[in-house]
Amino acid sequence: MAVAVALKGAGLFNVGGEGQITFGAFCAAWVGAHLPAAVPHALALAAALGAAFFGGAFVGAIAGVLRALRGSHEVITTIMLNFIVRAAMLGIGLRLFLRESIHTAPIVDAARLHRLADMSAVFKGSAVNESLLVALLVACGLAVFLRYTVAGFRLRAVGQAPLAAESSGISVKWQMVFALVLSGGLAGLGGSNFVLGYKYYYEDGFSGGVGFLGIAAAVLGRNHPLGVVAAAFLLGLLSQGALAINAEVPKELVDVLIAVLLIATTVATPEVRRLLSSLPSRVRQNRAA
Amino acid sequence: MIGSFVGAVLRISVPYSLAAVGGVWSERSGVIQIALEGILLGAAFCATLGAHATGSALGGVACGVGCGALLALLYALCVVVGRGDQIVCGIAINLLVDGATRFFLKLKFGSSSNSPRVVSWEQLPHPAFFFIAVAVFLPIVSAFILSWTRFGLRVRAVGERPDAAASLGVRPTRVRLVAVVLSGAVAGLGGVWLAVDQHQFVAGMSNGRGYIALAAMILGKWRPLSAALAALTFGAAEAIEVTLQASGGGAPVWLVQMFPYVLTLIVLAGFGGRSIAPAALGKSEQ
């Protein structure tokens with residue numbers, strides 16, 4: 001079950017999840033494999049997660065800076081960056097992958113996340129691991145950050161009314177960079193799930209479109225961190241369910257289902273909002289009558 | 001040696017060129033065309049299916065182009081009529097096609113990776129020559145229509161100032177619908193070539209080509225001829241990559257692979273001439 005955390009902050013659209021996840025995961029694997037074995041668990045984990053965040057944030061930052069300084073559209077730059085990362089990993093892989101394989105050396109024990117199946121019988125037989133807790137924690141933190149902190153307010157202000165934000169002294173450009181860095185970092189963290197909690201090494205092509213499902217989660221979750229978690233859970237449920245029924249119905253049908261869900265959500269949202277906002281006035285009219 | 005290399009460049013460039021020109025049609029009317037990837041893939045699948053079912057190559061071509069146009073129509077209904085978010089809907093279409101083609105591949109040919117070889121493609125006498133000619137011809141025709149005809153002017157008008165166009169009695173919704181469907185048909189032809197070139201359908205065979213075509217379109221500054229030239233450049237880069245891979249040189253392959261995308265980033269960053277997108281691109285409200 002993949003829990004992807006994607007973020008659309010500051011009115012920007014990050015389609016680069018795929019590349020950011022890949023690079024973040026690779027950084028986590030690299031750091032994880034190069035830590036001395038004696039490092040305590042907490043420290044090793046923090047280092048690996050930090051590396052994943054910085055890996056993703058680095059890729060996001062390129063798009064952010066291009067947007068802020070040169071006005072390049074972030075949708076196109078992040079798509080291009082996806083492919084650049086893919087090609088770069090081919091080059092890096094030649095040097096760093098284990099001989100005759102498509103993955104890196106395994107990470108040290110201290111940096112590994114435990115599987116929940118080892119702790120509670122509820123999760124028996126499932127690959128779910130502590131990164132689920134990391135994801136939930138990050139989502140809650142993000143919800144608080146966006147809602148209750150000054151930096152979060154600035155980000156939202158730029159997203160909703162860039163002109164008003166600019167005239168009240170917020171640098172729209174740097175908020176854009178910040179948003180893409182944060183978004184990339186979170187995607188990188190998402191990639192760490194595979195490395196730290198599942199396979200314990202980086203493998204070529206592991207992400208397999210998770211970055212794009214992250215966009216789906218962001219849309220379905222209406223860009224609220226907790227909504228995104230619920231949406232990611234739904235998508236995970238669908239993907240896992242697809243594997244379960246694969247014998248009778250090909251699992252590819254779930255992609256179609258998700259696509260239909262996506263289109264329905266984005267097309268219907270303005271309509272639903274209009275209906276909802278007209279509700280109070282209708283109630284009032286009814287009362288007057 | 002050089003002759004075969006040029007041949008390879010041209011063959012590889014065909015889908016890029018056609019999809020990029022398709023992208024130009026849609027984007028000049030103000031509709032972002034991220035769905036190119038799905039259109040290429042869907043058209044390749046329907047062409048294979050059509051050629052297999054009808055036993056005629058022309059039937060396959062018609063099915064492929066029709067499928068491209070239909071997918072574009074679906075996309076246009078979502079974003080032009082339904083006013084959904086263009087990027088979300090585009091990505092959703094790509095996801096939809098990726099899943100649907102794998103599903104029907106399993107249903108129709110009982111395989112999860114590729115269709116059997118389609119023999120009816122061999123009816124076409126010189127397929128490569130024909131498709132290369134089309135890939136050269138269509139950008140020229142598109143440039144002419146966009147610049148010199150009434151319909152082309154309307155497409156550009158709704159892409160730049162839909163309100164002004166509407167005040168002159170042009171219906172932006174209708175023009176955009178036509179432009180996007182046209183875009184799908186042109187890009188669909190590129191997908192047909194993918195299927196013809198490999199004589200079969202392979203799951204996920206578009207393999208990011210739609211996105212490269214999008215890059216070529218931007219590199220070509222939303223002009224059909226320049227976009228086709230950019231597509232040719234990318235085709236050359238890929239041909240070099242394939243040659244390097246075959247010669248077993250190893251190391252620099254990934255650098256060449258990166259080249260089209262880095263070049264696009266540089267152009268997007270505004271170095272080497274400003275490229276200005278149609279003013280109303282991506283805005284679905286009218």
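All of these numbers come straight from a predicted model, not from anything done at the bench. Computed over heavy atoms, backbone and side chain alike; hydrogens, waters and symmetry mates excluded. So you know, we letter chains A, B, ... as the sequences are listed, proteins then strands, and number each from 1.
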Is the count of non-hydrogen atoms from other residues, nucleotides or ligands lying under 6.0 Å from B:F109 atom CZ greater than 12?
yes

Between the CG atom in A:N82 and the OH atom in B:Y261, the distance rounded to the nearest 0.5 Å is 10.0 Å

Do you know which of B:A100, B:G99, B:G208 has the most heavy-atom pairs under 4.5 Å to chain A?
B:G99

Would you call the rings of A:F83 and B:Y211 parallel, tilted or perpendicular, taking 30° and 60° as the class edges?
tilted

Between B:A92 and A:A259, the two heavy atoms sitting closest are O-CB, 3.2 Å

